[in-house]
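Read through the structure below, which is laid out as structure tokens, and then see the notes.
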Amino acid sequence: MTLVNALTRAAVADPSLKLSIFTALTLQRPTPGSDIERRFLEPAMDRLFGRYPDILYAELIKKGSLPDNISVSEFFFQAGVWLGNDYAQRHYISANYTQARDDLIAQQPNVLAQLVPQRGDAFSLSCNTDISSDLFAMRRAGEMDFIAVGEVNNALPFMQGAAVVRADAFEMMLDPPKQFELFSAVRRPVSDEQHAIGLHVSRLIVDGGTLQIGIGAIGDAVTNALMLRDRERLDDLWHTAPFPLAGTQTGPFATGLYAVTEMLVAGLLALFDAGIIRREVDGTAIHAGFFVDASDMYARLRDMPQATQAKIQMMPVSFTNALYGDEQAKRVARQHARFVNSAMQISLLGDAMSDAAEPGQVVSGVGGQFNFIDQAFALRDGRAILTLPATRKSGGAVTSNIVWQLPLTTVPRHMRDIVVTEYGVADLRGQTDEAVICRMIAIADSRFQPDLLAAAKKAGKIASDAKVPLAHSNNLPKAVARWLAPHRKELFPDFPFGSDFNQIERVLLSALMQLGDAAGSKLQLAALIWSSLMRPKHPNEDSAMARMGYAAIPRLTEGLQARALRGALRSLVTNER
């Protein structure tokens with residue numbers, strides 16, 4: 001970032017210079033959007049996200065002051081960061097990850113800037129081998145011409161495989177006297193619904209097979225469930241499941257898994273450490289393209305014995321995300337592949353919306369999701385698994401994530417495969433539209449099943465006498481909560497793989513989620529205020545309120561925002577009982 005900021009400053013100072021920036025992802029520490037967000041985030045910003053420098057071009061975009069001689073295009077957004085920003089939305093380039101390299105090459109770049117760790121006379125592309133490795137190879141072959149400029153940062157793990165490059169690959173190398181801290185992606189708590197999704201997915205993963213999972217709470221839930229499965233801790237859960245179960249893979253991993261993924265996430269590293277990912281391909285248990293995660297994952301990779309870390313090889317996405325190049329060897333290696341990714345909404349006909357929302361605002365990006373779905377269909381026994389909670393809550397209202405039709409499509413319905421919600425698994429591949437609709441309604445929330453059924457009947461896509469099967473008529477959050485409750489503390493913690501949030505902040509996260517869900521609903525906010533007056537005090541209430549900069553002891557003159565937060569804390573006591 002030191003180099004990019006210097007180039008940006010030079011272009012700002014001299015309008016005769018033209019600077020075009022093309023990047024996959026601009027990492028930014030969050031900017032609190034409200035007083036209560038500020039109270040929660042600001043005291044812990046450095047600890048949670050690292051002392052990561054502000055990126056000048058991003059600050060100029062946010063202020064609307066990016067000069068005309070500078071242009072910035074991204075093909076993937078940090079989730080939700082650029083919603084509502086006209087410049088970023090207009091300059092977004094929609095591309096599958098495997099095609100992004102060629103989109104970049106078409107712009108004829110003359111400078112490649114890369115953050116690298118150093119070991120002796122070699123450097124590692126580390127967390128960003130994804131496209132850079134191919135670009136260096138093409139330059140060596142005389143197919144490209146650019147100047148490579150590096151900045152040393154030894155907080156990055158020195159990763160092996162295609163990531164390693166000789167010092168003479170760089171024309172210039174900045175070794176600053178003080179290296180900045182890396183960006184840390186804070187882990188979110190895993191909800192009941194997400195843990196249930198992880199349990200359903202765990203029954204679909206074949207021992208001896210191949211695994212890819214995405215970042216986020218659902219990825220953590222899948223990892224946690226696979227580890228519990230390997231330790232044979234899930235038998236009671238299967239016997240008490242309130243929903244029909246799919247998949248027969250419930251035993252421990254005798255052979256182990258091989259992972260091929262664009263993104264190396266903490267969950268895959270946890271499975272590697274647990275010995276579940278251990279099936280090797282050419283001496284490697286994990287092939288990955290890039291990574292962005294919490295600071296403890298960087299430390300784990302840095303501190304790992306070199307021989308152990310050698311089992312994790314960083315590769316270009318042209319290797320991980322596609323079968324092109326040595327296709328036969330990849331087909332043999334990627335047996336029983338299960339590619340697990342998330343969607344925001346899925347229609348009854350099986351098409352998915354994963355990267356953008358109505359009215360065309362890009363939330364994140366296509367990334368490699370479609371690559372892995374395409375790969376699943378190309379492999380003889382591969383499957384693409386899309387996960388999503390059945391509902392979402394916004395402005396106090398609950399809506400279904402399974403809908404009749406989508407405003408935008410990331411994955412078309414002819415590529416529909418497996419969909420998983422907290423209520424079960426819908427296997428859609430090769431099914432008629434009518435069967436697909438029935439299977440999707442079966443994993444929808446029961447509060448929305450009648451309307452979904454009516455929409456399908458009105459469109460003539462399902463029999464007029466079709467009904468929701470009785471076994472799927474109790475798809476409700478309380479059923480999920482009752483299922484997991486006896487095991488929630490021991491087997492399904494909020495943070496299965498640790499967190500940078502301290503104990504009080506974890507309590508506050510739960511309360512703030514309730515407060516956020518109630519925002520926009522006067523009735524729900526009033527209920528929280530009532531709770532602050534009538535319900536018993538949370539054991540950590542005084543510390544939590546003080547952490548937010550409010551009075552620990554309630555006063556009659558306490559503001560409504562503080563009063564509502566206190567009520568959210570007290571409602572946690574009731575929910576935990």
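The model shown is predicted, which means the values in this text are computed figures rather than measured ones.
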Quiz item: Where do Val363 and Leu83 land on the side-chain contact (heavy atoms from CB on, under 4.5 Å) test, with the steps shown first?
Solution: CA-CA 6 Å; Val363 177; Leu83 285 173; 4.0 Å; yes

Quiz item: Is a donor on one side and an acceptor on the other found under 3.5 Å between the side chain of Gln369 and the backbone of Ser342?
Solution: yes

Exercise. List for me each residue that meets ring pair (Phe, Tyr, Trp, His ring centres under 6.0 Å) alongside Tyr550, sequence neighbours excluded, and say none if there are none.
Key: none

Quiz item: Would you say Ser295's side chain and Ser184's backbone share a donor-acceptor pair under 3.5 angstrom?
Solution: no

Quiz item: Any side-chain heavy atom of Tyr298 sitting closer than 4.5 Å to one from Leu156?
Solution: no

Quiz item: Looking only at heavy atoms, what is the nearest atom pair of Pro407 and Gln345, with distance?
Solution: CD-OE1, 4.2 Å

Quiz prompt | Mutual orientation of the aromatic rings belonging to Phe492 and His487 [parallel < 30°, tilted 30-60°, perpendicular > 60°] | solution = perpendicular

Practice problem: Using the test salt bridge (Lys or Arg N to Asp or Glu O under 4.0 Å), find all partners of Asp220 that sit at least two apart in sequence or belong to another chain. | Solution: none

Exercise. Take Gln107 and Ser20, measure what side chain to side chain donor-acceptor pair (under 3.5 Å) needs, and give me the verdict at the end.
Key: CA-CA 9 Å; Gln107 298 187 39; Ser20 298; 6.0 Å; no

Self-check item: For Ala58 against Thr26, the heavy-atom pair lying closest together
Solution: CB-CG2, 4.0 Å

Exercise. For the pair Phe372 and Phe339, name the ring-plane relationship: parallel under 30°, tilted 30 to 60°, perpendicular over 60°.
Key: tilted

Quiz item: Does the pair Asp293/Arg187 count as a salt bridge with the N-to-O cut at 4.0 Å?
Solution: yes

Practice problem: List in chain and number order the residues that pass salt bridge (Lys or Arg N to Asp or Glu O under 4.0 Å) with Asp35, two or more places apart in sequence or in another chain; answer none if no residue qualifies. | Solution: Arg38, Arg39

Exercise. Take Gln405 and Ser347, measure what side-chain contact (heavy atoms from CB on, under 4.5 Å) needs, and give me the verdict at the end.
Key: CA-CA 5 Å; Gln405 286 186 315; Ser347 82; 5.6 Å; no

Residues 525-533, side-chain donor-acceptor partners within the protein, below 3.5 Å, at least two apart:
unit_1 : atom_1 : unit_2 : atom_2 : d
Ser531 : OG     : Ala527 : O      : 3.0
Ser532 : OG     : Ile529 : O      : 2.5

Exercise. Taking only Lys NZ, Arg NE, NH1 and NH2, and the carboxylate oxygens of Asp or Glu, determine whether Arg555 and Glu558 approach each other closer than 4.0 Å.
Key: no

Quiz item: Any chance the side chains of Thr98 and Asn371 put a donor and an acceptor closer than 3.5 Å?
Solution: yes

Self-check item: Polar side-chain atom of Gln449 near backbone of Ile441 as donor-acceptor pair, under 3.5 Å
Solution: yes

Quiz item: Excluding sequence neighbours, so at least two apart, what forms ring pair (Phe, Tyr, Trp, His ring centres under 6.0 Å) with Tyr423?
Solution: Phe243

Practice problem: Taking all non-hydrogen atoms of both residues into account, name the closest pair between Gln89 and Val362 and its distance. | Solution: OE1-N, 2.8 Å

Self-check item: Donor-acceptor contact below 3.5 Å, side chain Arg188 vs main chain Gly216
Solution: no

Quiz item: Sub-3.5 Å donor-acceptor pair from the side chain of Tyr87 to the main-chain atoms of Leu60, do we have one?
Solution: no

Quiz item: Is the shortest heavy-atom distance from the side chain of Leu211 to the side chain of Leu226 under 4.5 Å?
Solution: yes

Exercise. Identify whether the distance between the nearest side-chain nitrogen and carboxylate oxygen of Arg29 and Asp54 falls below 4.0 Å.
Key: no

Exercise. Not counting sequence neighbours, which residues clear ring pair (Phe, Tyr, Trp, His ring centres under 6.0 Å) with Phe495? List them please.
Key: none

Exercise. Answer yes or no: is there a donor N or O on one side and an acceptor on the other, between the side chain of Glu262 and the main chain of Thr320, under 3.5 Å?
Key: no

Practice problem: Show your working on side-chain contact (heavy atoms from CB on, under 4.5 Å) between Asn401 and Ile346 and close with a plain yes or no. | Solution: CA-CA 7 Å; Asn401 285 329; Ile346 298 181; over 6 Å; no

Quiz item: With under 30° as parallel and over 60° as perpendicular, where do the rings of Phe183 and Phe49 fit, or are they tilted in between?
Solution: tilted

Self-check item: Phe40 six-ring centre to Arg547 NZ/CZ under 6.0 Å and within 45° of normal
Solution: yes

Quiz item: Do Ser400 and Asp445 have side-chain heavy atoms sitting under 4.5 Å apart?
Solution: no

Quiz item: So does Asp68 pair up with Lys18, basic N to acidic O under 4.0 Å?
Solution: no

Quiz prompt | Donor on one side chain, acceptor on other, Asp355 and Thr410, under 3.5 Å | solution = yes

Quiz item: Where does the angle between the aromatic ring planes of Trp483 and His200 fall among parallel (under 30°), tilted (30 to 60°) and perpendicular (over 60°)?
Solution: tilted

Quiz prompt | Under 3.5 Å donor-acceptor, Asp130 side chain and Val317 backbone | solution = no

Exercise. Locate the shortest heavy-atom distance separating Ala217 from Val190; write the atom from each residue and the value.
Key: O-CG2, 3.8 Å

Practice problem: Side-chain contact test, heavy atoms from C-beta onward, threshold under 4.5 Å: evaluate it for Pro189 versus Gln194 and give yes or no. | Solution: no

Quiz item: Ser354 and Asn341: side-chain contact (heavy atoms from CB on, under 4.5 Å), yes or no, with the steps?
Solution: CA-CA 9 Å; Ser354 307; Asn341 292 283; over 6 Å; no

Exercise. Measure across Ala552 and Met545 and return the closest heavy-atom pair with its distance rounded to 0.1 Å.
Key: CA-CB, 4.2 Å

Quiz item: Counting distance only, does the side-chain N/O of Arg447 pair as donor-acceptor with the main-chain N or O of Leu476 below 3.5 Å?
Solution: no

Quiz item: Is it the case that more than 12 heavy atoms not belonging to Glu42 sit under 6.0 Å from its CD atom?
Solution: yes

Exercise. Take atom CG of Leu560 as the centre, draw a 6.0 Å sphere, and report whether it contains more than 12 heavy atoms from other residues, nucleotides or ligands.
Key: no

Exercise. With the side chain counted from C-beta on, respond yes when Ile402 and Val419 share a heavy-atom pair under 4.5 Å apart, and no when they do not.
Key: no

